[in-house]
**Q** 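Below is a structure I'd like to ask you about.
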There are 2 protein chains.
Amino acid sequence: MTMSKAGGRPRPPTIHDVAREAGVSRGTVSRVLNGGHYVSPAAQEAVNAAIRRTGYVVNRHARSLITGRSDSVGFLLTEPQERFFEDPNFNVLLRGCTQALAAHDIPLLLMLAGTDDERRRLTRYITAGHVDGVLLVSSHSGDPVAQELLEAGVPLVACGKPIGLGSKVSYVAADDRDGARAMVRHLLSLGRRRIGMVTGPLDTPGGVERLAGYQEELTGAGLPVDDRLIASGDYSRASGEAGAELLLARAPDLDAVFVASDLMAQGVLAALRRAGRRVPQDVSVGGFDDSPAAPSASPALTTIRQPWDRISSEMVRVLLAQVGGEDPAAVILPTELVVRDSA
Amino acid sequence: MTMSKAGGRPRPPTIHDVAREAGVSRGTVSRVLNGGHYVSPAAQEAVNAAIRRTGYVVNRHARSLITGRSDSVGFLLTEPQERFFEDPNFNVLLRGCTQALAAHDIPLLLMLAGTDDERRRLTRYITAGHVDGVLLVSSHSGDPVAQELLEAGVPLVACGKPIGLGSKVSYVAADDRDGARAMVRHLLSLGRRRIGMVTGPLDTPGGVERLAGYQEELTGAGLPVDDRLIASGDYSRASGEAGAELLLARAPDLDAVFVASDLMAQGVLAALRRAGRRVPQDVSVGGFDDSPAAPSASPALTTIRQPWDRISSEMVRVLLAQVGGEDPAAVILPTELVVRDSA
DNA sequence: CATGCTTCTGTGAGCGTTCACAGTAGAGAA
DNA sequence: TTCTCTACTGTGAACGCTCACAGAAGCATG
């Protein structure tokens, strides 16, 4: 009787058990497990049957010990935690990466490096080779983690173009500048001429690019870029509110606001409502991200969709390619204007 | 020549290198690494110095191969994804668990089992012993994952009391019933007598318990439990809105609503505003969770704080104890009434 | 002096896998 | 026939670690 008493599972079958069961050697089983090259059809079938019968699952520790690879990938978040909680994009990205990796049967290790202490611990953990690569999310410029990992030769893919690192680092990003231009173009097409902007943090590539797109499109349309129409935010809802109040105070004739994130845009909507401005009649508001909350904002938010599903799958693809020995690569993905009620 | 070519980091030091460097044997180094029992102070010091000099980090794969433990823990989410994105509590919990585990130098593997397919894959992965234990989040009754893992003997700690499983499963939960009673007591103390409730999903323990607390407290105060005052929701914002509309239609004399989650409470606030009811003047609203959004709701939400930091740390503590061979345990933690503007 | 106990140390074995290598069998070419 | 080439298979030897064991040294007890 193979009673499984509490906690003590019966010893799982090894490659040896499978080999005996199939009447072949360990080597042949191993070859079947790793692609089935140089294996006769008969042996192939016998091994597969034996695997099914025994319920064999490869022991990843043993495999990793000899291959030197861990068959797992880290998802490293170097943001302060509040941002993670507030911003729905992280969740979307996280889910997308988990799914893309699941297709390769690779588990994702979530790593939160909020404090310097955690950062050090994780850097040590990663450079010790316990993950094959790292998906790096939202590193501000000056973030030392990326630099350290890069120097240690750890395959790395950033989400968004990292500032201040050489061109040797892979990244996947939406075309922020182009998206910003599309939104401003849309606002212009509605007849708006006093278009303000609440920017993202300007030490992030997204923040910089979206601002640049806004400025380019205005200039291209022959309109001046008025500093009083630009307020800087940090992607938080609160900073959107503050930004809108600042803009209203400095430029009461404001007739549109391009906000660098949907979350901030919700703050902008609240501030405009408080100030008695109707959206979209008095002021058009355009967001960025097409976050899940965008359609249910009031009014429903016109925004720029970032292709998060593709961003995450591309990040995983590039990372795995790099783990496999390929060179770093940069991928830029197009965005899409989503017109709803707010503009 | 041991050139380190691109991507091929120089071979990391092994326990053997440390032993040679310290002038002791592998065994002694290993003993130092595992608690330092039966090691002379001199050897202890020599080994520590050698570890520092060589930059040695233990190879977890090799260790796991022999100990049979993986020194990692799974954080398993069996919710449909929308819930994960919407509910800030998951984020708080996730962060808390990550930090609590980090103190033990144990990485957390995030596992999302949204579809049946993913569920199967992950169950296989987990039962194959690739994590030492599982932190299970928000399993509805009838969730097969918990049952399967339990049968496989995988150490398991649920967040919230699982319905329909025996008492052999560990869980950590806030005292939902007591919290609900505290909120209703507060509403009664404000002079409210027609107190409605929007419940959580009644196939979850939290949903059931909060409803029970509401009913108990009303009964205890000598008030009737009126079915027209009870609407059922699913923790989503939209269901809060729908619930409030239903209550207003069925019981226009409503003077307070106890809502089983902050997110639903935001929907309730929106519905009340649309219906022209002022909060808290006409209707008092009490939430549950003390989510990050609660203070910034308008009006700021009176709610019940769940001790998420303690919940996560207790979950980790109980899980690790169980991995270490202890018996399952249930932990109930007290909640706290947070009075803001809405009631 | 032998015996036991405690503290400390080194050694060999083995965890389950992959990898390099040697070897076998069969087909085709000389 | 004999050689060579290809497709396939089995066999040690690692990978880096922990564990069990044996043994040494020190000290107290019989």
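Remember, it's a predicted structure, so these values are computed and weren't measured experimentally. Letters go in sequence order (proteins before strands), and every chain restarts at 1.
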**Q** Ignoring backbone atoms, test whether A:T14 places a side-chain nitrogen or oxygen under 4.0 Å from the OP1 or OP2 oxygen of C:dG16.
**A**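 Answer is no, no contact under 4.0 Å.
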**Q** Start with the C-alpha distance between B:Y125 and B:R120, add both sets of side-chain angles, then the distance that settles side chain to side chain contact (heavy atoms under 4.5 Å, CB included), and finish with yes or no.
**A** CA-CA 8 Å; B:Y125 189 83; B:R120 265 190 297 276; over 6 Å; no
**Q** Can you list, in residue-number order, the parts of residues 41-51 of chain A that come under 4.0 Å of DNA chain D, counting heavy atoms only?
**A** A:A43
**Q** State which residues pass side-chain contact (heavy atoms from CB on, under 4.5 Å) with A:V57; sequence neighbours excluded, sorted by chain then number.
**A**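 Counting only residues at least two positions away or on another chain, A:V57 forms a side-chain contact (heavy atoms from CB on, under 4.5 Å) with B:A128, B:H130.
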**Q** side-chain contact (heavy atoms from CB on, under 4.5 Å) with B:V73: which of B:L101, B:L109, B:V134?
**A** B:L101
**Q** Could you list, one pair per line, each protein nitrogen or oxygen that sits under 3.5 Å from a nitrogen or oxygen of nucleotides 18-28 of chain C, together with the distance?
**A**
unit_1	atom_1	unit_2	atom_2	d
C:dT18	OP1	A:N34	ND2	3.2
C:dT18	OP1	A:R63	NE	2.9
C:dT18	OP1	A:R63	NH2	3.0
C:dT18	OP2	A:S30	OG	2.8
C:dT18	O4	A:R26	NH2	2.9

**Q** Provide the start and end nucleotides, 5' to 3', of the part of DNA chain D that has atoms under 4.0 Å from heavy atoms of chain B.
**A**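 Endpoints of the contacted stretch of DNA chain D: D:dG16 to D:dT18.
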**Q** Are the side chains of B:V58 and B:R63 in contact, using a 4.5 Å heavy-atom criterion?
**A** yes
**Q** Which pair of non-hydrogen atoms, one from A:D132 and one from A:V323, has the smallest distance, and what is that distance?
**A**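 The answer is O-CG2, 3.6 Å.
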**Q** Within a strict 4.5 Å, meaning less than it, do heavy atoms of the A:V47 and A:I51 side chains meet?
**A**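 When only atoms from C-beta onward are counted, A:I51 and A:V47 do touch, with a gap below 4.5 Å.
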**Q** Who are the ring-ring contact (aromatic ring centres under 6.0 Å, His included) partners of A:Y56, not counting sequence neighbours?
**A**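 If we apply the ring-ring contact (aromatic ring centres under 6.0 Å, His included) test to A:Y56, skipping adjacent residues, there are no hits.
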**Q** Salt-bridge test for B:R52 and B:E45: reply yes if a basic N is under 4.0 Å from a carboxylate O, no otherwise.
**A** yes
**Q** Take the C1' atoms of the five end pairs on each side of the helix from C:dC1-D:dG30 to C:dA30-D:dT1, get both axes, and report the angle to 10 degrees.
**A**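 Roughly 60°, once rounded to the nearest ten degrees.
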**Q** Any side-chain heavy atom of A:L94 sitting closer than 4.5 Å to one from A:L110?
**A** yes
**Q** Taking CG from A:D17 and P from C:dC15, how many angstroms apart are they, rounded to a whole number?
**A**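 Nearest whole value for this atom pair: 11 Å.
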**Q** Would you check, one step at a time, whether the test side chain to side chain contact (heavy atoms under 4.5 Å, CB included) holds for A:Y171 with A:I332?
**A** CA-CA 8 Å; A:Y171 66 93; A:I332 309 275; 4.0 Å; yes
**Q** Indicate whether any N or O donor in one side chain lies under 3.5 Å from an N or O acceptor in the other, for A:T54 and A:D17.
**A**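 Per modelled atom types, A:T54 and A:D17 side chains form no pair under 3.5 Å.
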**Q** Taking atom types as modelled and ignoring hydrogens, do the side chains of B:S170 and B:Q322 form a donor-acceptor contact shorter than 3.5 angstrom?
**A**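 Checked: B:S170/B:Q322 side chains pair up, N/O donor to acceptor below 3.5 Å.
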**Q** What is the distance, rounded to the nearest whole Å, between atom CZ of A:R20 and atom P of C:dG16?
**A** 12 Å
**Q** Would you mind reporting whether B:S64 and B:R69 have side-chain heavy atoms less than 4.5 Å apart?
**A**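 They are not in contact (no side-chain heavy atoms under 4.5 Å apart), so the answer is no.
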